[in-house]
Amino acid sequence: MAEDAVAAVPTEPTTLRKPRIKKAPDLPILERRNWLIHLHYVRKDYEACKTLIKEQLQATEGVCEYAVYVQALILRLEGKIQESLELFQTCAILNPTSPDNLKQVARSLFLLGKHRAAVEVYNEAARLNNKDWEICHNLGVCYLYLKDLSKSKEQLNLALQLHRQELSTMTLGKIHLMEGDTEGAIQTYLQALQLSPESTELLTTLGLVYLQNGLFQKAFEYLGNALTYDPSNYKGILAAGCMMQSHGDYDVALSKYRVAASSVPESSPLWNNIGMCFYGKKKYVAVSMEMLFILLCVQYKGYK
């Protein structure tokens, strides 16, 4: 007996279900436009940024911390330091646990010349974050303006322990020079050069220190390195030209000064050195013409 054939029942092909794309969570109304405000700010489109900030503050009844913060930054850029200070203080009230808000309050106080008040606010910010090298550096600068060199060096050294950088090193070297410790300043700058060997600011400063102490060979070496990395470095050009001028090499010095004059034409020390070069070459008419040119430039700026 033949076996009955069983017909296979066709089955519907199974389709893979596409996972549903989750909708991005809506941002709270307080932060909804923060990204757009930030975008315009970093692009330096300050007018559009201020318009957005105004709309955001109206929508949030003035309690959007980021909008207030950026508005304060823009006011500071516009030179309205007192107004920016008041807004940064508002940010500190809205978020009292933020060390960044306190740093900005202290910065505005510093720019207003209120160094002692800035120290108090920076110390408060340091209690919230004691690993921030910028707080230590700025405290060091404030103490420098208050003529407390001991505390200034203490804070600057602490800043360098937290983060090795050029800014604190330059200030610390300046304090050593103010104290008459030339060797200490040189050692500070040399240590910094190990981290930033191409820093034209460090190379120029070190060259100037050597020049002031009569070490012309080392001064020429470091100033030459600075000009190699930045041929338009005004301080380096002026110092190198001064060295050549003091050795009677007036033509080479004038060639250096000519480069500097194109970038800093209003520099009185530069024109003084140019005049002395012509005087050394006994070109007195050139000296007279140079002085006349300076007078015309001064009068032109005055009429502007």
Side-chain angles (χ1 to χ4, degrees), residues 27-146 148 151-152 154-156 158-163 165-172:
L27 290 171
I29 191 171
L30 292 179
E31 303 174 359
R32 190 164 294 170
R33 294 187 178 181
N34 285 1
W35 68 273
L36 193 54
I37 291 172
H38 176 76
L39 184 63
H40 283 292
Y41 178 75
V42 297
R43 288 179 175 177
K44 298 184 179 180
D45 187 0
Y46 298 130
E47 292 304 318
C49 191
K50 287 192 285 188
T51 301
L52 281 168
I53 288 171
K54 184 178 179 181
E55 294 174 358
Q56 180 75 340
L57 291 177
Q58 287 176 348
T60 61
E61 299 181 353
V63 295
C64 178
E65 179 191 349
Y66 188 72
V68 177
Y69 186 91
V70 176
Q71 187 179 23
L73 290 176
I74 294 174
L75 286 172
R76 181 189 289 169
L77 290 172
E78 294 174 345
K80 301 173 182 177
I81 310 300
Q82 182 61 43
E83 294 177 35
S84 75
L85 170 62
E86 294 169 2
L87 290 180
F88 282 128
Q89 288 171 331
T90 301
C91 291
I93 293 171
L94 292 172
N95 186 3
T97 61
S98 170
D100 290 331
N101 290 338
L102 292 176
K103 284 166 62 177
Q104 295 296 348
V105 171
R107 177 64 180 167
S108 294
L109 288 170
F110 174 83
L111 293 174
L112 289 170
K114 301 178 180 179
H115 303 121
R116 201 169 298 279
V119 166
E120 294 177 3
V121 180
Y122 275 128
N123 282 326
E124 188 177 346
R127 285 191 286 270
L128 296 175
N129 183 5
N130 60 1
K131 299 296 183 182
D132 190 333
W133 72 267
E134 289 184 354
I135 295 176
C136 298
H137 171 81
N138 291 331
L139 274 170
V141 175
C142 287
Y143 282 125
L144 176 60
Y145 277 91
L146 292 170
D148 193 339
K151 285 187 177 180
S152 180
E154 178 185 345
Q155 291 295 330
L156 291 169
L158 183 56
L160 289 170
Q161 289 175 15
L162 293 171
H163 178 60
Q165 28 74 35
E166 183 178 332
L167 198 58
S168 298
T169 303
M170 295 296 295
T171 310
L172 188 59

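For clarity, every value in this text was computed on a predicted model and none was experimentally measured.
In this structure, the side chain of R33 does not engage the main chain of E55 through any donor-acceptor pair within 3.5 Å.
Residue-environment remark: CD (E61) stays at or below the threshold of 12 foreign heavy atoms within 6.0 Å.
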Quiz: residues 126-133 side-chain donor-acceptor pairs under 3.5 angstrom, not counting sequence neighbours:
| from | atom 1 | to | atom 2 | distance (Å) |
| --- | --- | --- | --- | --- |
| N129 | OD1 | K131 | N | 3.1 |
| D132 | OD1 | E134 | N | 2.9 |
| D132 | OD2 | K103 | NZ | 2.9 |

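With rounding to the nearest 0.5 angstrom, the OG atom of S98 is 9.5 Å from the CD atom of Q104. In this structure, CD in Q89 is found 7.0 Å from CD1 in I93, a value given to the nearest 0.5 Å. The line from CG of L85 to CG of L75 is 11.0 Å long, rounded to the nearest 0.5 Å. Considering CG of L111 and CD of Q82, their distance stands at 11.5 Å, rounded to 0.5 Å. One finds the SG atom of C91 at 11.0 Å from the OH atom of Y66 (value rounded to the nearest 0.5 Å). Expressed to the nearest 0.5 Å, how far CZ of R107 lies from SG of C142 amounts to 9.0 Å.
Using a 4.5 Å cut-off on side-chain heavy atoms (C-beta onward), E78 and E83 make no contact. Contact annotation: the side chain of L139 never approaches that of L158 to less than 4.5 Å [non-hydrogen atoms, C-beta and beyond]. Taking the side chain as every heavy atom from C-beta outward, Q56 and N34 approach each other to under 4.5 Å. Between L57 and Q71 the shortest side-chain heavy-atom distance falls below 4.5 Å.
By the 4.0 Å N-to-carboxylate-O rule, E154 lies too far from K151 to be salt-bridged with it.
Counting all heavy atoms, side chain and backbone alike, I74 lies closest to C49 at CD1-SG, 3.9 Å. Nearest approach of A106 to A118, heavy atoms of both residues: O-CB, 3.5 Å. The two atoms that bring I37 and L52 nearest to each other are CG1-CB, 4.0 Å, heavy atoms only. Smallest separation of non-hydrogen atoms from G140 and L156: CA-CG, 4.2 Å. In this structure, R76 and S84 approach most closely via the heavy-atom pair N-CB, 3.9 Å. Across L160 and Q165, no two heavy atoms sit closer than the pair CD2-O, 3.5 Å.
Applying the ring pair (Phe, Tyr, Trp, His ring centres under 6.0 Å) test to every pair with at least one member in residues 84-114, sequence neighbours left out, gives these pairs: Y69-F88, F110-H115, F110-Y145.
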Carefully, step by step, assess I53 and Y41 under the rule side-chain contact (heavy atoms from CB on, under 4.5 Å). CA-CA 11 Å; I53 288 171; Y41 178 75; over 6 Å; no
Determine, stepwise, if the pair V70 / H38 fulfils side-chain contact (heavy atoms from CB on, under 4.5 Å). CA-CA 8 Å; V70 176; H38 176 76; over 6 Å; no
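Looking at residues two or more places apart in sequence or on another chain, you find a side-chain contact (heavy atoms from CB on, under 4.5 Å) between L94 and V63, E65, T90.
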